[in-house]
Number of protein chains: 2
Amino acid sequence: MPTHYKGCQEAERALSAYINLIRASDSLVSKASTQLEQSGMTLGQFAVLEALHHLGPMCQHTLAKKLLRSGGNITLVVDNLEKRGWVRRERQKDDRRMIQIHLTPKGARLIAKVFPEHAAAITQIMKELTEQEQEELRRIAGKLGHGAENFCLERFKKEQHHDSDPTK
Amino acid sequence: MPTHYKGCQEAERALSAYINLIRASDSLVSKASTQLEQSGMTLGQFAVLEALHHLGPMCQHTLAKKLLRSGGNITLVVDNLEKRGWVRRERQKDDRRMIQIHLTPKGARLIAKVFPEHAAAITQIMKELTEQEQEELRRIAGKLGHGAENFCLERFKKEQHHDSDPTK
DNA sequence: CTTGAATCATTCAAACTCAAACGATTGGAT
DNA sequence: ATCCAATCGTTTGAGTTTGAATGATTCAAG
């Protein structure tokens, strides 16, 4: 019996989980991106629109933290969203360093239509797992991505359970 | 009670799992990349070296399929690995369309040193989960990334348990 | 043998991402 | 009031990835 048998088992278990996790994520991101392309938007653009939709206007720095992206990245995504007329920049009066990003009516209509579609697509894909497996996946993956707050879900629940009023 | 309550619950469960999965994956990839940077290589470069290390020489097309990357991407990664003297291209005689990628002795020494380090780092990160959680994660994520074969793990196990002979 | 489809690698343009450098603005310390 | 550090958004350069176009090679059908 090799002296390092236990370490072996441990590494096997960890690496198996690691690889399967990343492959599953890649697979899902790929499917989600394809689905969103039909609506003419990027996954990154969707993420920004969704954050604004569920959390209201916010500055780019906050967006970057929420979405775990670099500031430069947010600048680019917001640029593209602005070109399409889905968001607008609004310099804050009290602190002119910040720029609040607002959904335009056009952008609000779009995300209000696309989000349920996207949610339905994800829900459909997740049907490959049982309810218990989904719960377990949520719990276990949550432990690994610890810093991550489920910001969008919090609001999503409220919105669905007792229709939140859209008047900011 | 809203009529769509059940669909709601379903979507909540699916989206929670989806988001946590992607965040966990991002977090792990980020940590893994940082760890590999110390060895002076990219995650993509590591993946290619690791595949060659555990599966032996293969052509770029096979690499692309194994690693779920585009052909153009593999060309670039192999270019960079070749510049560093870690792999060499060898045109096949029987089918001159294919180019087999071989580890150079230098590359073989490198991956033989780096892989255990990287495996140890992943193992360490995964300690945030219990053994049972790792098993569950492997199983559940495996269902989602279904097309994905655990090619490297298969060989990794053999190698560790009864030192496979390196003579191709 | 010749033609045409299929396979494989390369190249190129486009998009996305990050990190670092930069300029503008703010707020606190002196 | 002035200076200095911190914060915020933008720009730039480098790296990664994809998909489409291209060229080389193989194989099978006629």
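Naming convention: chains lettered A, B, ... in sequence-line order (proteins, then strands); numbering from 1 in each chain.
The distance from atom CD of B:Gln92 to atom C1' of D:dA24 is 15 Å, rounded to the nearest whole Å. Separating the NE2 atom of A:His61 from the C1' atom of D:dA6 is a distance of 11 Å, rounded to the nearest angstrom. Here D:dG15 presents its C1' atom at 9 Å from CG of B:Asn80, a figure rounded to the nearest Å. What separates CZ of B:Phe46 from P of D:dT16 is a distance of 16 Å, to the nearest Å. Whole-Å rounding puts the A:Gln100 CD to D:dC8 C1' distance at 13 Å. Taking atom CD1 of A:Ile101 as the reference point, atom P of D:dG9 lies 7 Å away to the nearest angstrom.
Classified by interplanar angle (parallel below 30°, tilted 30° to 60°, perpendicular above 60°), the ring pair B:His53/B:Phe115 is tilted.
Nearer the 5' end of DNA chain C, as judged by each residue's closest nucleotide, is the contact made by B:Asp95, out of B:Asp95 and A:Arg97. Residue A:Gly44 is the one, among A:Gly44 and A:Asp94, whose nearest nucleotide of DNA chain C lies closer to the 5' end (criterion: closest heavy atom).
For the pair A:Lys143 and A:Glu136, the salt-bridge criterion is not met [side-chain N within less than 4.0 Å of a carboxylate O]. Between A:Glu135 and A:Arg139 no salt bridge is recorded (no basic side-chain N to carboxylate O distance below 4.0 Å). For A:Glu82 and A:Arg84, the salt-bridge test fails: no basic side-chain N is under 4.0 Å from an acidic carboxylate O. One finds a salt bridge joining B:Glu131 and A:Arg13 here, because a Lys/Arg side-chain nitrogen approaches an Asp/Glu carboxylate oxygen to under 4.0 Å.
Checked against D:dT18, D:dT26, D:dC8, the side chain of A:Met98 finds its nearest nucleotide in D:dC8.
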Every protein N/O lying under 3.5 Å from an N/O of nucleotides 10-14 of chain D:
residue	atom	partner	partner atom	Å
D:dT10	OP1	A:Arg89	NE	3.2
D:dT10	OP2	A:Gln60	OE1	3.0
D:dT10	OP2	A:Gln60	NE2	2.9
D:dT10	OP2	A:Thr75	OG1	3.2
D:dT10	OP2	A:Arg89	NH2	3.1

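Boundaries of the chain A contact region on DNA chain C are C:dC16 to C:dT26, first to last in 5' to 3' order (nucleotide atom under 4.0 Å from a heavy atom).
Partners of A:Gln60 under the side-chain hydrogen bond (donor to acceptor under 3.5 Å, both in side chains) rule, at least two apart in sequence or in another chain, are A:Thr75, A:Arg89.
Within the 4.5 Å cutoff, the side chain of B:Tyr18 has no heavy atoms near those of the A:Arg138 side chain. Side-chain contact between B:Leu144 and B:Leu21 is present, with at least one heavy-atom pair separated by less than 4.5 Å.
Between atom CD1 of residue A:Ile99 and atom NE2 of residue A:His61 there is a gap of 13.5 Å, rounded to the nearest 0.5 Å.
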